[in-house]
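Here is the structure we will look at, set down as structure tokens.
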Amino acid sequence: MSDHNHIKLPEGSIGKTTTTLNLGPTHPATHGVFQNILELDGERIVKAEATVGYIHRAFEKIAERRPLYQITTLTDRLNYCSSPINNMGWHLTVEKMLGIKTPKRVDYLRVIVMELARITDHLICTSIVGVDAGAFTGFLYVMQAVSAGSNATSQPLPGRNWSVS
Amino acid sequence: MKKSGGPSNRYKMPLTNEIVQSRLTEKFGDMLTGWEEPYGMLTFAAAREHNLKVLNFLYDEDDLAFRFLTDLTAVHYPDRAGEELCVVYHLHNLVENLRVRLKVYAPVSQPDVYTATGLFSAANWMERETYDFYGVNFVGHPNLKRVLNVDEMDYFPLRKEFPLEDQTRIDKDDEMFGRG
């Protein structure tokens with residue numbers, strides 16, 4: 001043992017009965033930059049220290065100095081799969097503040113657009129899980145449906161396929 | 001013992017802002033101030049040392065049962081001397097579908113507010129985020145460190161002393177951006 005005196009181990013690491021395991025930050029199960037430092041007791045996770053990634057984009061700070069229609073381009077980018085839904089959240093808030101009552105036709109059109117966005121969002125999210133697990137082919141098939149959905153959303157709107165505003 | 005209220009028959013009348021306000025005034029009296037109802041949501045303020053008393057009361061009482069902390073954040077009011085930081089709690093009664101908003105003010109020089117993690121597990125990360133961006137010190141929090149920004153950051157970026165855009169830039173004329 002005396003041969004290894006130069007090795008410095010973290011305090012308490014010899015006596016402890018759990019294993020430390022770094023899951024990520026590049027593990028395929030953690031989509032994006034997401035690190036978990038796990039303490040394992042056998043196969044059981046007894047403690048996890050999560051770093052969720054430095055992805056805060058300060059939209060609320062940017063919005064402090066912008067007129068309402070420039071903030072729509074920010075809510076557009078909160079979640080690129082379902083940007084119409086986040087836009088609607090913002091616009092409903094503004095309409096509430098200004099006391100605007102929208103016609104029934106607008107409500108129906110909004111629901112249609114939001115539903116299409118919701119469906120494409122679910123398709124992407126579920127198929128991306130496959131990509132993270134190594135199954136890329138399935139994702140490509142699903143993308144056809146996603147494309148159809150986002151085309152249907154964007155064509156009547158003066159926007160693009162993804163960030164519709 | 002059945003703790004949650006559930007869609008009980010005991011209460012013929014649905015829970016309203018008026019009932020919540022009268023129950024709170026009955027219990028706390030003048031400790032609660034600033035009553036208002038912006039866009040229908042009951043809003044009031046408490047002294048920061050009373051935040052847990054109020055939250056506990058709203059949580060525990062069977063007829064109130066605000067057991068869902070939907071949001072916890074802060075607002076920075078640089079012009080309000082002695083109460084620059086406002087911690088805002090949004091509570092939701094899922095059964096009655098009623099929401100209330102509680103505000104607690106703290107001076108920016110000593111922004112200590114008791115943690116709500118003992119009552120709501122959800123408060124853990126939301127208080128970390130509020131600390132991260134506004135520097136509110138949640139007393140008693142089990143793990144009060146930055147959650148979205150790097151640990152080495154030594155300022156609180158959502159406070160108002162940090163303007164977003166460089167005010168000295170001349171290529172960004174306000175008029176061009178619709179705010180002239």
Side-chain angles (χ1 to χ4, degrees), chain A residues 20 22-25 30-39 45-79 85-102 158 165, chain B residues 36-41 43 70-79 86 88 90 99 101 121 124-126 128-135 142-153 155-169 172-180:
Chain A
T20 307
N22 278 293
L23 182 75
T30 62
H31 198 84
V33 183
F34 177 35
Q35 183 192 25
N36 278 292
I37 302 169
L38 307 175
E39 282 298 319
I45 300 167
V46 291
K47 186 171 168 282
E49 196 180 310
T51 303
V52 292
Y54 306 108
I55 52 171
H56 192 265
R57 292 172 286 176
F59 282 167
E60 64 272 60
K61 188 79 181 173
I62 302 172
E64 281 175 15
R65 244 181 81 79
R66 283 194 179 189
L68 76 95
Y69 51 89
Q70 290 184 352
I71 295 170
T72 315
T73 57
L74 301 177
T75 53
D76 231 26
R77 283 147 183 83
L78 292 172
N79 173 355
I85 303 181
N86 288 307
N87 291 346
M88 235 61 92
W90 166 242
H91 279 268
L92 288 173
T93 310
V94 173
E95 283 157 16
K96 202 175 182 182
M97 285 170 75
L98 297 176
I100 295 170
K101 179 101 176 68
T102 49
S165 287
Chain B
E36 51 178 341
E37 281 185 34
Y39 307 101
M41 186 162 166
T43 303
T70 52
D71 199 10
L72 192 168
T73 186
V75 190
H76 186 205
Y77 297 106
D79 299 332
C86 172
V88 189
H90 285 205
R99 294 167 195 269
R101 184 190 287 124
S121 301
N124 191 317
W125 277 37
M126 288 199 273
R128 280 179 66 185
E129 187 192 8
T130 308
Y131 162 73
D132 195 350
F133 286 101
Y134 294 93
N143 185 27
L144 194 66
K145 54 182 192 183
R146 292 188 185 271
V147 62
L148 282 167
N149 289 309
V150 287
D151 291 337
E152 295 79 30
M153 192 179 239
Y155 57 96
F156 304 110
L158 286 190
R159 287 191 181 170
K160 291 285 192 294
E161 65 253 36
F162 302 109
L164 171 81
E165 285 157 341
D166 183 354
Q167 304 296 302
T168 58
R169 279 180 75 164
K172 283 195 166 187
D173 191 332
D174 267 357
E175 217 168 81
M176 306 285 189
F177 291 88
R179 55 190 178 222

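Basis for what follows: all heavy atoms, side chains included, without hydrogens, waters or symmetry-related copies. Computed from a prediction, not measured in an experiment: that's the story for all the values here.
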Does atom [atom1] of [X] have more than 12 heavy-atom neighbours, drawn from other residues, nucleotides or ligands, at distances under 6.0 Å?
X     : atom1 : result
A/K96 : NZ    : no
B/M41 : CE    : yes
A/I45 : CD1   : no

| message | With a 4.5 angstrom heavy-atom cut-off, is it the side chain or the backbone of B/P157 that approaches chain A, or both, or neither? | response |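 It is the backbone, since no side chain atom gets that close.
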
| query | With a 4.5 angstrom heavy-atom cut-off, which part of B/R159 approaches chain A: side chain, backbone, both or neither? | reply |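 The backbone, not the side chain.
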
Pairwise distance [atom1]([X]) to [atom2]([Y]) - rounded to 0.5 angstrom:
X      : Y      : atom1 : atom2 : answer
B/L158 : A/E60  : CG    : CD    : 5.0 Å
A/E49  : B/N143 : CD    : CG    : 7.0 Å
A/E64  : B/K160 : CD    : NZ    : 4.0 Å
B/D151 : A/T51  : CG    : OG1   : 7.5 Å

| request: Find out whether A/K61 and B/F133 are in side-chain contact, i.e. whether some heavy atom of one side chain is under 4.5 Å from a heavy atom of the other. | output: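 With C-beta onward as the side chain, the pair stays apart.
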
| query | Is B/N149 close to A/Y54 at the side-chain level, that is, under 4.5 Å between some pair of heavy atoms? | reply |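 In short, these two side chains do not touch, never coming nearer than 4.5 Å.
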
| request: Give the minimum heavy-atom separation between B/V147 and A/V52, together with the two atoms involved. | output: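 Shortest heavy-atom contact: O-CG2, 3.7 Å.
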
